[in-house]
Amino acid sequence: HDLGHHWAGSMTLPRELHVSDNRLIQEPVHEVYEHVTSDHYLEKVTVTTDESLHLEDVIKDQSYVKLVITVKDVKNLSIALAPKTSQPLLLTYDHSLQRFQFTREQVGHPLEGNEPGCYVSRQVAVAPTDDQLTIEFFKDTSSIETFINHQAVMTNTFYAIDQLTDLIISVEGTAVIETLQIGGIR
């Protein structure tokens, strides 16, 4: 804590585990939802290459977001948690590769270690279910835990300099946001 930033380490939510089709499924324990507020709710919003969805001042230090989006006609999907003055934290999906990626490359203080390899991003293979992705994340001051399509979970840290306040959803192609819930965590 040599910067006096008061950041915490990586958050890990308690999880319910079960097996489906020989795969381990991880979901937040249902009690977590008793502590989630629903401050913003949208449904049936179309996003295109030319028109992204930009919601200002909806992301707080402790935020919950659940996005159900149809990606049938999408090449790439980007979910940005953006500050007002600098680069965003990015969650992206490459439909052709069926790859979901977390990137903190341009966000805040760099994280450097002695391990070989990439420190700024992580990726997992995720297939859409009935042409849809369900992306649910819990964001704390310096960590984000993302659940994707009941198939994959990623827990990541980041150390933003500027507060991440805006949510920007953009695509290459056309997508329909079936539902978008944004709230806080008490």
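- A donor-acceptor pair under 3.5 Å is absent between the side-chain atoms of N156 and the main chain of F102, judged by distance alone.
- Cluster annotation: V126 and L90 are assigned to distinct hydrophobic clusters (Ile/Leu/Val/Met/Phe/Trp/Tyr, side-chain heavy-atom contacts under 4.5 Å, transitive).
- If you check the side chains of D140 and S142, you find no donor sitting under 3.5 Å from an acceptor.
- Residues F158 and T141 share a closest heavy-atom pair of CE1-O, 3.6 Å.
- Between T146 and I144, the closest heavy-atom pair is OG1-CG1, 3.9 Å.
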Evaluation steps, side chain to side chain contact (heavy atoms under 4.5 Å, CB included), between I185 and T37: CA-CA 6 Å; I185 304 169; T37 63; over 6 Å; no
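- Under the 3.5 Å distance criterion, with hydrogens and angles disregarded, a donor-acceptor pair is assigned to the side chains of D166 and H54.
- Taking L42 as the reference, V45, L53, L55, L180 meet the side chain to side chain contact (heavy atoms under 4.5 Å, CB included) condition, with sequence neighbours excluded.
- Judged as a salt bridge (Lys or Arg N to Asp or Glu O under 4.0 Å), not a single pair has a partner in residues 24-38 (not counting sequence neighbours).
- Applying the salt bridge (Lys or Arg N to Asp or Glu O under 4.0 Å) test to residues at least two apart or on different chains, the pairs with a partner in residues 61-82 are K75-E172.
- Side-chain contact between I177 and I169: present, with at least one pair of heavy atoms (C-beta onward) separated by less than 4.5 Å.
- In the model, T179 has no side-chain atom that pairs as donor or acceptor with a side-chain atom of E43 under 3.5 Å.
- Screening residues 44-60 for salt bridge (Lys or Arg N to Asp or Glu O under 4.0 Å) gives K44-E178, D57-K84 as the qualifying pairs, with residues at least two apart or on separate chains.
- Residues L133 and L67 share a hydrophobic cluster, clusters being chains of Ile/Leu/Val/Met/Phe/Trp/Tyr side chains in contact below 4.5 Å.
- In this structure, S170 OG and N76 CG are separated by 9.5 Å, a value rounded to the nearest 0.5 Å.
- Side-chain contact annotation: H40 with Q181, donor-acceptor N/O pair under 3.5 Å absent.
- One N or O on the side chain of R122 and one on the backbone of T155 form a donor-acceptor pair closer than 3.5 Å.
- Under the 3.5 Å distance criterion, the side-chain polar atoms of Q151 are matched with a main-chain donor or acceptor of A127.
- Panel note: side chain Q163, backbone P83; no donor-acceptor pair is recorded below 3.5 Å.
- A continuous path of Ile, Leu, Val, Met, Phe, Trp and Tyr side chains, each step under 4.5 Å between heavy atoms, connects Y33 with F147, placing both in one hydrophobic cluster.
- S20 meets the side-chain hydrogen bond (donor to acceptor under 3.5 Å, both in side chains) test with no other residue; sequence neighbours excluded.
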Test log, rule side chain to side chain contact (heavy atoms under 4.5 Å, CB included), inputs F100 and L77: CA-CA 9 Å; F100 189 89; L77 163 69; 5.7 Å; no
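- Taking 4.5 Å as the limit, some side-chain heavy atom of E16 sits within range of a side-chain heavy atom of H30.
- Between atom CE of residue M154 and atom CD of residue Q123 there is a gap of 9.0 Å, rounded to the nearest 0.5 Å.
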Using the side chain to side chain contact (heavy atoms under 4.5 Å, CB included) rule, take R186 and V36 through it: C-alpha gap first, then chi angles, then the decisive distance, then the call. CA-CA 6 Å; R186 295 178 284 203; V36 170; over 6 Å; no
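- Residue I148 holds its CD1 atom at 12.0 Å from OG1 of T129, rounded to the nearest 0.5 Å.
- In the hydrophobic clustering of this structure, I25 does not group with I135; members are Ile, Leu, Val, Met, Phe, Trp, Tyr whose side-chain heavy atoms approach within less than 4.5 Å, directly or through other members.
- Nearest approach of G183 to D39, heavy atoms of both residues: CA-OD2, 3.7 Å.
- If you chain together hydrophobic residues whose side chains sit under 4.5 Å apart, V176 and V71 never meet in one group.
- With contacts defined as side-chain heavy-atom distances shorter than 4.5 Å, the pair Q132/V68 qualifies.
- Taken to the nearest 0.5 Å, the CG atom of L91 stands 12.0 Å off from the OG atom of S121.
- The heavy-atom pair separating A80 from P88 by the smallest distance is CB-CB, 3.8 Å.
- Looking only at distances, no side-chain donor or acceptor of S63 sits under 3.5 Å from a matching main-chain atom of G184.
- Y93 places no side-chain N or O within 3.5 Å of a backbone atom of V74 that could act as its donor or acceptor partner.
- For the atom pair D94 CG and R99 CZ, the distance stands at 5.5 Å (nearest 0.5 Å).
- Annotation: salt bridge (Lys or Arg N to Asp or Glu O under 4.0 Å) contacts involving residues 124-135, sequence neighbours excluded, are absent.
- Taking CG of L81 as the reference point, atom CG of L167 lies at 6.0 Å (rounded to 0.5 Å).
- Below 30°, between 30° and 60°, or above 60°: for F138 and Y64 the angle between ring planes is between 30° and 60°, a tilted geometry.
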